Colleague: 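Following this message is one structure expressed as structure tokens.
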2 protein chains.
Amino acid sequence: MEQAQLTEARPYHHGDLRRALVDAGRRLLEVEGGAGISLRAVAREAGVSPAAPYHHFRDKSELLDALAFEGWDQLAEQMRAALAEAAPGRDRLVTLGVAYVRFSRMNPAIYRVMFNCSQSHESMPEKLRDEGAYRLVCDTLVESGIDPRDEVGLELAAVAIWCAAHGVAEMVGFKEFGPLQARLGGEEAFLRAIFSQLDLFRPRSAVAAG
Amino acid sequence: MEQAQLTEARPYHHGDLRRALVDAGRRLLEVEGGAGISLRAVAREAGVSPAAPYHHFRDKSELLDALAFEGWDQLAEQMRAALAEAAPGRDRLVTLGVAYVRFSRMNPAIYRVMFNCSQSHESMPEKLRDEGAYRLVCDTLVESGIDPRDEVGLELAAVAIWCAAHGVAEMVGFKEFGPLQARLGGEEAFLRAIFSQLDLFRPRSAVAAG
DNA sequence: AAGCCAATCTTGACAACGATCAGATCAGCC
DNA sequence: GGCTGATCTGATCGTTGTCAAGATTGGCTT
């Protein structure tokens with residue numbers, strides 16, 4: 001009844017409270033969902049007073065940023081893994097998209113925090129561009145035949161793909177899609193089908209229905 | 001019949017408070033942005049006590065639902081208009097997508113409310129399917145050559161397009177895209193380019209860079 | 001016309017939240 | 001051994017969503 005979980009008797013000075021807060025936040029996001037996340041709840045979960053976090057984060061939003069940061073890491077890792085065990089064939093981009101969406105489906109609350117964070121900063125997380133998932137997409141694009149020296153073309157392609165994946169990630173949960181999903185043989189099949197449909201915008205007249 | 005808003009000797013019974021609350025909410029969303037929306041603020045803006053809304057909405061979320069409802073209407077209307085003045089050519093789907101994104105760009109707070117509402121209900125708004133924007137997309141798809149009797153194909157296509165548009169809508173604001181956008185000649189050109197890139201998922205081996 | 005009902009709005013309250021501040025506590029360095 | 005600065009607590013402020021109890025009134029019944 002004293003405190004929550006991690007450490008022993010709290011010696012007033014927590015060893016690494018920042019770390020503990022982020023972990024607590026992640027735990028709460030997984031268990032309670034995005035609604036039950038408050039600075040006070042995180043502090044409670046970490047076993048400290050409601051004011052303690054302010055010595056490690058200026059804001060509530062800065063705490064969420066820290067959560068998002070780890071989320072982006074985790075996402076990139078999972079996408080990398082998916083790519084690693086995928087056949088070297090041609091639809092590796094789809095594999096990436098599916099991995100992206102799957103992450104968002106398995107960690108919906110964290111994913112939402114990640115994206116809200118990006119939106120409030122009006123920018124993609126920096127790390128992403130350097131060694132994260134964005135880089136992965138670019139590499140796979142080049143692999144697929146895009147000329148790496150065509151900067152505009154490459155960026156355009158990466159951005160388009162990212163947008164599509166994000167859109168799918170946020171809408172796949174709609175229950176209206178249940179029947180269609182079942183008819184296609186599960187979520188992965190559904191996702192692959194969706195991604196494969198995305199050439200419809202091409203102004204190339206008629207399109208073939210799957 | 002009498003008017004609604006501010007600075008009157010309110011006759012205790014407000015005439016049509018529900019309507020006034022929704023209008024107040026929309027005003028606040030436009031002016032203050034999504035952050036400054038609270039049940040109390042809406043009540044304040046409408047000139048009533050903080051508890052008054054509870055006679056017209058069970059929840060705060062139900063008030064937001066009402067706002068979202070009108071938003072979907074407005075969106076459908078704008079998409080319809082865009083389609084009406086577009087050339088009967090082949091890229092009408094792109095026109096629809098651009099209109100969608102433009103709406104979200106010009107009413108970001110409302111758009112966010114609309115989508116949060118959908119997400120919390122885990123379903124698209126019903127109205128949408130019947131006479132709203134979704135219907136519009138389906139019609140345009142059929143127009144573009146999809147067999148209307150292939151239900152699965154049609155739904156898949158519509159869903160894919162919607163996902164893509166939503167993704168673009170939520171990411172276009174990133175400031176990293178500024179340079180690219182400028183280089184392409186403004187936001188509309190940027191959007192058209194993005195949408196035209198969305199065939200990249202097609203497992204058709206190499207792709208042509210724009 | 002009188003009277004009452006139920007819908008409407010207000011008042012007042014509650015718990016929870018983000019945020020701030022003065023002060024208690026403790027680690028590490030002189 | 002004592003000082004300094006980082007860390008944590010407790011108390012507090014303003015705000016939020018929500019509810020219960022009371023005031024007010026339009027409209028139906030007689």
Side-chain angles (χ1 to χ4, degrees), chain A residues 1-25 28-29 31-68 109 113 116-117 120, chain B residues 1-25 28-29 31-68 109 113 116-117 120:
Chain A
M1 60 193 276
E2 295 257 343
Q3 91 288 31
Q5 31 210 93
L6 293 182
T7 55
E8 41 284 359
R10 206 148 329 265
Y12 197 95
H13 275 46
H14 193 295
D16 186 359
L17 181 55
R18 187 192 157 96
R19 177 79 252 146
L21 285 171
V22 173
D23 288 344
L28 282 184
L29 276 184
V31 175
E32 310 268 353
I37 189 98
S38 68
L39 229 179
R40 293 174 107 101
V42 173
R44 218 176 302 141
E45 171 83 7
V48 293
S49 86
Y54 285 89
H55 292 269
H56 302 269
F57 305 96
R58 193 170 344 119
D59 257 338
K60 176 190 182 181
S61 81
E62 217 176 62
L63 204 175
L64 295 184
D65 286 0
L67 287 193
V113 168
N116 281 349
C117 157
S120 64
Chain B
M1 325 295 242
E2 201 62 49
Q3 68 2 326
Q5 27 253 56
L6 312 168
T7 60
E8 270 304 309
R10 202 157 337 278
Y12 202 96
H13 276 43
H14 184 298
D16 187 0
L17 181 56
R18 188 194 157 94
R19 176 80 252 148
L21 285 171
V22 173
D23 288 344
L28 282 183
L29 277 184
V31 176
E32 310 268 353
I37 191 97
S38 68
L39 226 183
R40 292 178 106 102
V42 173
R44 221 175 302 145
E45 170 84 8
V48 292
S49 86
Y54 283 89
H55 293 269
H56 302 269
F57 305 96
R58 194 171 342 125
D59 256 342
K60 175 189 182 182
S61 82
E62 217 177 62
L63 204 176
L64 295 184
D65 286 0
L67 287 193
V113 168
N116 280 349
C117 157
S120 63

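A note on names: the letters A, B, ... follow the listed sequences, proteins ahead of strands, and every chain is numbered from 1. Every value quoted in this text rests on a predicted model; they were computed, and no experiment measured them.
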Colleague: Return the value, rounded to whole Å, for the distance between atom CG of B:L39 and atom P of D:dT15.
Modeller: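 Distance, rounded to whole Å: 16 Å.
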
Colleague: Do A:R19 and A:V22 have side-chain heavy atoms sitting under 4.5 Å apart?
Modeller: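 Yes; the side chains approach each other to less than 4.5 Å.
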
Colleague: Check the phosphate of D:dG10 against A:S49, side-chain N and O only, distance under 4.0 Å to OP1 or OP2. Yes or no?
Modeller: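 It does not, given that no N or O in the side chain of A:S49 lies less than 4.0 Å from OP1 or OP2 of D:dG10.
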
Colleague: Can you find a pair of side-chain heavy atoms, one from B:H56 and one from B:L17, that are under 4.5 Å apart?
Modeller: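 In contact.
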
Colleague: Separation of A:H56 atom NE2 from D:dC8 atom C1', in whole Å?
Modeller: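 Those two atoms, NE2 and C1', are 8 Å apart.
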
Colleague: Are A:R58 and C:dG18 close enough that a side-chain N or O sits under 4.0 Å from OP1 or OP2?
Modeller: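 No, because none of the side-chain N or O atoms of A:R58 sits under 4.0 Å from OP1 or OP2 of C:dG18.
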
Colleague: Would you kindly give the CG-to-C1' distance between A:L17 and C:dA27, to the nearest whole Å?
Modeller: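 Roughly 16 Å, once rounded to whole Å.
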
Colleague: Could you check whether any side-chain heavy atom of B:F57 comes within less than 4.5 Å of a side-chain heavy atom of B:V42, counting everything from C-beta outward?
Modeller: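 In short, these two side chains do not touch, never coming nearer than 4.5 Å.
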
Colleague: In this structure, how many angstroms lie between the C1' atom of D:dT7 and the NE2 atom of A:H55, rounded?
Modeller: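 Interatomic distance, NE2 of A:H55 to C1' of D:dT7: 6 Å.
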
Colleague: In whole angstrom, give the distance that lies between atom CZ of A:F57 and atom C1' of C:dA19.
Modeller: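 Rounded to whole Å, this separation is 16 Å.
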
Colleague: Rounded to the Å, how far apart are A:D59 CG and C:dT20 C1'?
Modeller: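 My rounded result for the distance is 13 Å.
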
Colleague: Specify the separation, in whole Å, of atom NZ of A:K60 and atom P of D:dG14.
Modeller: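 Between P of D:dG14 and NZ of A:K60: 21 Å.
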
Colleague: Mind checking if B:P50 touches a base, just sugar-phosphate, or nothing, with heavy atoms under 4.0 Å?
Modeller: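 Base, at least one base heavy atom under 4.0 Å.
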
Colleague: Please give, in whole Å, the distance from D:dT12 P to A:Y54 OH?
Modeller: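 Nearest whole value for this atom pair: 18 Å.
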
Colleague: Does A:I37 or B:A52 map to a spot on DNA chain C nearer the 5' end, using the closest nucleotide for each?
Modeller: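 First, find each residue's nearest nucleotide; the 5'-ward one identifies B:A52.
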
Colleague: Does D:dT16 have OP1 or OP2 under 4.0 Å away from a side-chain N or O of B:R44?
Modeller: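 Affirmative; the distance criterion is met.
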
Colleague: Please tell me if the side chains of B:L64 and B:C117 come closer than 4.5 Å, counting only heavy atoms from C-beta onward.
Modeller: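 B:L64 vs B:C117: side chains apart.
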
